[in-house]
Amino acid sequence: MTSENPDITLILPAYNEAKTIANTIHDAMDYFGKLGMRWEIVVSADGTDGTREAAREVDSGGGAIRVIGGDARGGKGRGIRDGVEIANGGIIGFADADNKVPIAEFEKMRAALRDGCDIAIGSRGLRSSQVERRQPWYRQWGGKAFRVVMRKAVGLPTITDTQCGFKFFRKEVAKDLFRRQRIDGYMFDVEILVLASRVGYRIQEVPVRWRDDGDSRLNLLTGNLRNAADILKIRHMHRNVRAEAARTGPRSVVDSG
């Protein structure tokens with residue numbers, strides 16, 4: 001499909017994914033093609049292992065594959081922020097480059113956006129979510145502890161899963177939120193949802209299929225300390241957003257389905 005005025009921009013944040021990125025791109029191309037959608041894929045890749053080069057070698061077949069990033073690791077949040085800045089799709093979203101959530105789950109997100117939500121986020125924590133391969137027990141317990149700390153610090157009490165890497169936005173919503181977004185690391189998901197909730201965007205959680213690939217890039221000690229520091233930054237950076245939103249727009253509605 002032609003990339004002019006694409007229906008969808010899919011951002012694939014990638015770090016050391018040279019062996020998998022071509023397959024992930026092909027999966028997305030084939031899927032969007034079957035749906036008859038005009039598509040654009042942005043690969044936002046840091047590192048020196050050849051991920052960017054591998055992505056550039058994929059024949060787009062009439063869509064658009066755009067590759068950004070540099071040798072130094074800038075962080076997942078920064079990579080997606082840079083991707084959103086250049087995105088043209090009527091829907092803008094991102095998915096993990098290792099296909100933890102199959103791209104076919106996008107149809108659920110598309111339906112939620114059609115039904116009127118501003119942001120559709122994949123969730124592993126809803127009753128009808130399908131977790132095909134779970135994380136090790138210590139990461140599951142760490143996730144539970146994270147949710148307790150995160151909710152105490154920044155709220156989001158009704159969202160079951162902030163960290164699933166499968167989120168889609170109406171174009172104008174993505175552009176607005178990522179212009180405000182500042183966290184470069186993994187906690188950018190929390191920051192985006194905090195901003196969306198306080199500004200007044202309607203968020204819908206959508207149950208998805210998910211499988212752990214056993215290749216977490218998060219160091220349990222240093223990574224979690226950095227995440228905790230970023231959660232505190234989010235709390236302080238955006239503490240006035242709610243008051244601003246109360247003057248300019250409605251409160252958000254968060255649905256779980």
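Starting from 1, each residue takes its place in the sequence as its number.
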Inset, instruction - Determine, step by step, whether Leu35 and Arg110 satisfy the side-chain contact (heavy atoms from CB on, under 4.5 Å) criterion, reporting the C-alpha distance in whole Å, the side-chain angles of both residues, the deciding distance to 0.1 Å, and the verdict. - result: CA-CA 11 Å; Leu35 291 180; Arg110 189 185 188 191; 3.9 Å; yes
Legend entry - Flag, side chain of Ser60 to backbone of Ile65, donor-acceptor distance under 3.5 Å: no
Inset, instruction - Using a 4.5 Å cut-off on heavy atoms from C-beta on, say whether the side chain of Leu10 contacts that of Trp39. - result: no
Inset, instruction - For the pair Tyr31 (side chain) and Ala104 (backbone), establish whether a donor and an acceptor sit closer than 3.5 Å, ignoring hydrogens and angles. - result: yes
Inset, instruction - Step by step, work out the side-chain contact (heavy atoms from CB on, under 4.5 Å) result for Ile92 and Ile11. - result: CA-CA 8 Å; Ile92 298 174; Ile11 300 167; 4.1 Å; yes
Inset, instruction - Treat each ILVMFWY residue as a node, draw an edge where side-chain heavy atoms are under 4.5 Å apart, and state whether Leu232 and Tyr186 are in one component. - result: no
Inset, instruction - Rounded to the nearest 0.5 Å, what's the gap from OG1 on Thr24 to CG on Leu12? Could you check? - result: 6.5 Å
Inset, instruction - Could you tell me whether the side chain of Ser129 and the main chain of Ser123 form a donor-acceptor pair under 3.5 Å? - result: yes
Legend entry - Closest approach of Met29 to Ile41 (non-hydrogen atoms, all atoms of both residues): CG-CD1, 3.9 Å
Inset, instruction - Might you point out which heavy atoms bring Pro13 and Lys76 nearest each other, and give the distance in Å? - result: CG-CE, 3.8 Å
Legend entry - Test item: Val43 and Val58 side chains (from C-beta on) under 4.5 Å apart, heavy atoms: no
Inset, instruction - For Ile86, enumerate each residue passing the side-chain contact (heavy atoms from CB on, under 4.5 Å) test, keeping only those at least two apart in sequence or located in another chain. - result: Val42, Arg66, Ile68
Inset, instruction - Could you tell me whether a side-chain N or O of Lys108 sits under 3.5 Å from a main-chain N or O of Pro207, the two making a donor and an acceptor? - result: yes
Legend entry - For Asp7, all residues meeting side chain to side chain donor-acceptor pair (under 3.5 Å), sequence neighbours excluded: Arg38
Legend entry - Pair Glu17-Thr51, side-chain donor/acceptor within less than 3.5 Å: no
Inset, instruction - State, with a plain yes or no, whether a side-chain heavy atom of Arg124 is found less than 4.5 Å away from one of Gln163. - result: yes
Inset, instruction - Over all heavy atoms of both residues, which pair between Thr9 and Glu40 is shortest? Give the atoms and the distance, please. - result: OG1-OE1, 2.6 Å
Legend entry - side-chain contact (heavy atoms from CB on, under 4.5 Å) partners of Asp118, counting only residues at least two apart: Arg170, Val173, Tyr201, Arg202
Inset, instruction - Can you see which heavy atom on Gly122 is nearest to which on Cys164, and at what distance? - result: O-CB, 3.2 Å
Inset, instruction - Without swapping roles, check the side chain of Arg182 against the backbone of Arg179 for a donor-acceptor pair under 3.5 Å. - result: yes
Legend entry - Which residues share a ring pair (Phe, Tyr, Trp, His ring centres under 6.0 Å) with Phe168, sequence neighbours left out: Phe106, Phe166
Legend entry - Under 3.5 Å donor-acceptor, Glu205 side chain and Thr160 backbone: yes
Inset, instruction - Find out whether Ile183 and Val190 are in side-chain contact, i.e. whether some heavy atom of one side chain is under 4.5 Å from a heavy atom of the other. - result: no
Inset, instruction - Taking all non-hydrogen atoms of both residues into account, name the closest pair between Val208 and Glu105 and its distance. - result: CA-OE1, 3.3 Å
Inset, instruction - Considering non-hydrogen atoms only, spot the tightest contact between Asp46 and Ala72 and give its length. - result: CG-O, 3.4 Å
Inset, instruction - Would you give the length of the straight line joining atom CD1 of Ile121 to atom CD of Gln204, rounded to the nearest 0.5 angstrom? - result: 9.5 Å
Inset, instruction - Quick one: list whatever passes side chain to side chain donor-acceptor pair (under 3.5 Å) with Asp189, sequence neighbours left out. - result: Lys167
Legend entry - Separation of Phe188 CZ from Phe94 CZ (nearest 0.5 Å): 4.0 Å
Legend entry - Glu57 vs Ile21, side-chain contact (heavy atoms from CB on, under 4.5 Å): CA-CA, chis, key distance, verdict: CA-CA 11 Å; Glu57 290 176 1; Ile21 193 64; over 6 Å; no
Legend entry - Atom pair CD1 (Ile119) and CD1 (Ile203), whose distance is rounded to the nearest 0.5 Å: 5.0 Å
Legend entry - Side chain proximity check, Val194 to Leu156, heavy atoms < 4.5 angstrom: yes
Legend entry - Basic-acidic side-chain contact under 4.0 Å: Arg180, Asp176: yes
Pairs under 3.5 angstrom only: tabulate donor-acceptor contacts from the side chains of residues 78-85 to other protein residues two or more places apart or in another chain.
{"unit_1": "Arg81", "atom_1": "NH1", "unit_2": "Gln181", "atom_2": "OE1", "d": "2.9"}
{"unit_1": "Arg81", "atom_1": "NH1", "unit_2": "Asp184", "atom_2": "OD1", "d": "3.4"}
{"unit_1": "Arg81", "atom_1": "NH2", "unit_2": "Asp184", "atom_2": "OD1", "d": "2.6"}

Legend entry - Check ion pair Glu172-Lys175 (N to O, under 4.0 angstrom): no
Legend entry - Basic-acidic side-chain contact under 4.0 Å: Asp98, Arg211: no
Legend entry - From Leu177, Thr162, Ile234, residue fulfilling side chain to side chain contact (heavy atoms under 4.5 Å, CB included) relative to Leu193: Thr162
